[in-house]
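Step one of this worksheet: look at the structure below.
Throughout, a chain's letter reflects where its sequence line sits, starting with A, and its residues are numbered from 1. Just so you know, these numbers use all the heavy atoms, side chains as well, and skip hydrogens, waters and symmetry mates. Model, not experiment: these values are computed from the prediction.
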Amino acid sequence: MPEFKTSPGTRDILSPQSGRWRAFQDVFARTVEAAGYSYIIPPMFEDLDVFLRLGETTEVVTKEMYDFHDKGGRHVALRPEQTAGVCRAYVEHQPVTPWKVWYAGPNFRYEKPQQGRYRQFDQVGVEALGADDPLLDAEVIALAAKFYVDLGLKKVHLSVNTLGDAGDREKYSQILLKYFSAHERDLTSDSRATLARNPLRVLDSKREPDQKIISGAPAIRESISASANQHFDDVLRALDALNISYELNNRLVRGLDYYRRTTFEFTSTALDAAHTAIGGGGRYDGLVEALGGKATPGIGFALGLDRTLLACDAENTFAAPKTAVQIFVVDTVDGRHAHELCHLLRQNGVSADRAYDLRSIKAQMKSADRSAASVALIIGSDEVENSTIMLRKMGSGEQYSIARKDVIGEVLQALNVK
RNA sequence: GUGGGCGUAGCUCAGUUGGUUAGAGCGCCAGGUUGUGGUCCUGGAGGUCGGGGGUUCGAGACCCCUCGUCCACCCCA
């Protein structure tokens, strides 16, 4: 038993999974940069207050934050998500609008870990600030949908809803409070506690006894402003125009309290556990203002790497990329030939690896096989004596002797032929 | 945070009602082949049975605590 293990909710991502993570981020970058989003790298920790602006009833903030005092006495927190940091950056740098950015990286939440739920978890996402256009809402949603397609996912389900403007949200909260209070006796005790804190979140309950009452709850669209309704209709029409299928879900609330108007969530129907939500987002008009900036509309989404990859597993798509070096050098004389040859090959743009500690030729050949190199260069005493190299094609087993001085040309030729 | 299942080699797991030096497959290393991998054969290394305490003549098996993991709730990605 090793003395040290990773902390709960954290883990080492090793190859080949690590290569898959990188490929995931590469695909994402390609997808969103093709739509004009630029890369932003916000810090992993910020002033605690930055995150507190996400909302007092947001559990992510109130219960799950990794906050601490640094040596200078500053009260800071590891970011639980990245939208707040991006909005803070927007206020700090005042970029020209619309400001469209994307990010990738780890976030931290102190939760009880489960599969698909970690204390350090990676997300990729985009934020678009400074435009109120419903077509932008649709673009952001379309981008996420396209990314899933790019990964090869088919069983992805999109739910959309609107939460109305800030005032609407509050008004609807009151309506819900009144409604649920009237049925309080039939609600689970958990839901009663939630009701006191944040009536909207009761809609999210998965507990069986609550379902009947929830299904009878008044819908939000009946209590939101005409302009918010219009905005939402425009978003839906824009999605229709792009042939993006969605389901209207008037109970889709989402956990971050900053959402206004358009909200959406992607779930994987290939997953059956509690972690089917693989991504989501929405408008957060008001967040920039809460962070001390001028009132600025914003919209974005975030996707969880782990869960999306879990969905990929379930659909048997987006496998980890195969890694292979082109050449493996086997040296049974003293290792220096392999040392120098590898260097020479690498200088010429050919990837090369070798074995160490002068192991037997059999062991070195085994390493060559494992490296997935298509060509092995073998150097023994005969080759050294004649200034030659044995070039072996690993696939066919065909091999021939080449002059050492011609090695680069011969290798390139062998690799081209494959 | 609440409730429950599970923790045996690097990995996947077996271990009869508690009974000698704890097993298999895969992987790893070496040999068979004194210059050749992917197949095959043989051998080897690798385990304080998650940790601590207890019951017992005797615990991997039973009890308690603890840690980890998984599941549900919560929350969310």
Next on the checklist: Under a 4.0 Å threshold between the charged nitrogen and the carboxylate oxygen, would Asp49(A) count as salt-bridged to Arg88(A)?
Outcome noted: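 Here Arg88(A) does not pair with Asp49(A) in a salt bridge, since their nearest N and O are not under 4.0 Å apart.
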Could you list by number each residue of [range] showing a heavy-atom separation from RNA chain B of less than 4.0 Å, or answer none if no residue does?
range: residues 355-367 of chain A; result: Arg359(A), Ile361(A), Lys362(A), Ala363(A), Met365(A), Lys366(A)
range: residues 104-119 of chain A; result: Arg109(A), Glu111(A), Lys112(A), Gln114(A), Gln115(A), Gly116(A), Arg117(A), Tyr118(A)
range: residues 176-185 of chain A; result: none

Closest listed nucleotide, where the reference is the side chain of [X] and the choices are [options]:
X: Met390(A); options: G68(B), G35(B), C73(B); answer: G35(B)
X: Ile378(A); options: U36(B), G37(B), G68(B); answer: U36(B)
X: Met394(A); options: G35(B), C75(B), G37(B); answer: G37(B)

Measuring only the [atom1] atom in each nucleotide, how far is [N] from [M]? A whole number of Å is fine.
N: G44(B); M: A77(B); atom1: C1'; answer: 47 Å
N: C41(B); M: G51(B); atom1: C1'; answer: 42 Å
N: G50(B); M: A72(B); atom1: P; answer: 25 Å

Checklist entry - Under the side chain to side chain contact (heavy atoms under 4.5 Å, CB included) test, which residues partner Ser371(A), sequence neighbours left out? => result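 Only Val325(A), Phe328(A), Ala373(A) meet the side chain to side chain contact (heavy atoms under 4.5 Å, CB included) criterion with Ser371(A).
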Checklist entry - When only distance counts, do a donor and an acceptor, one from the side chain of Arg392(A) and one from the base of G37(B), lie under 3.5 Å apart? => result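 Flag set: donor-acceptor pair detected.
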Next on the checklist: Testing Leu252(A), Leu176(A), Asn161(A), Thr194(A) one by one against Leu203(A) for a side-chain contact (heavy atoms from CB on, under 4.5 Å), which residue passes?
Outcome noted: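 Testing Leu203(A) for a side-chain contact (heavy atoms from CB on, under 4.5 Å) against Leu252(A), Leu176(A), Asn161(A), Thr194(A) leaves exactly one candidate, Leu176(A).
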Next on the checklist: Does a side-chain N or O of Arg207(A) approach OP1 or OP2 of C74(B) to a distance below 4.0 Å, or not?
Outcome noted: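 True: Arg207(A) side-chain N/O within range (under 4.0 Å) of C74(B) OP1/OP2.
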Checklist entry - Who passes ring pair (Phe, Tyr, Trp, His ring centres under 6.0 Å) against Phe45(A), sequence neighbours left out? => result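 None.
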Checklist entry - Can you say whether the rings of Tyr179(A) and His183(A) are parallel (under 30°), tilted (30 to 60°) or perpendicular (over 60°)? => result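 The arrangement is tilted - the two ring planes meet at 30° to 60°.
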Item to check | Trp99(A) and Tyr90(A) aromatic ring geometry - parallel, tilted or perpendicular at 30°/60° bounds | outcome: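 Plane angle between 30° and 60°, so tilted.
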Checklist entry - What distance do Leu345(A) atom CG and Glu340(A) atom CD have between them, rounded to the nearest 0.5 Å? => result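 Leu345(A) CG to Glu340(A) CD: 12.0 Å, rounded to 0.5 Å.
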Checklist entry - Tell me, which stems hold RNA chain B, with a stem being 3 or more Watson-Crick or G-U pairs in a row and both distances under 3.5 Å? => result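 When the pairs of RNA chain B are grouped into runs of at least three, the stems are B:1-7 with B:67-73, B:10-13 with B:23-26, B:28-32 with B:40-44, B:50-54 with B:62-66.
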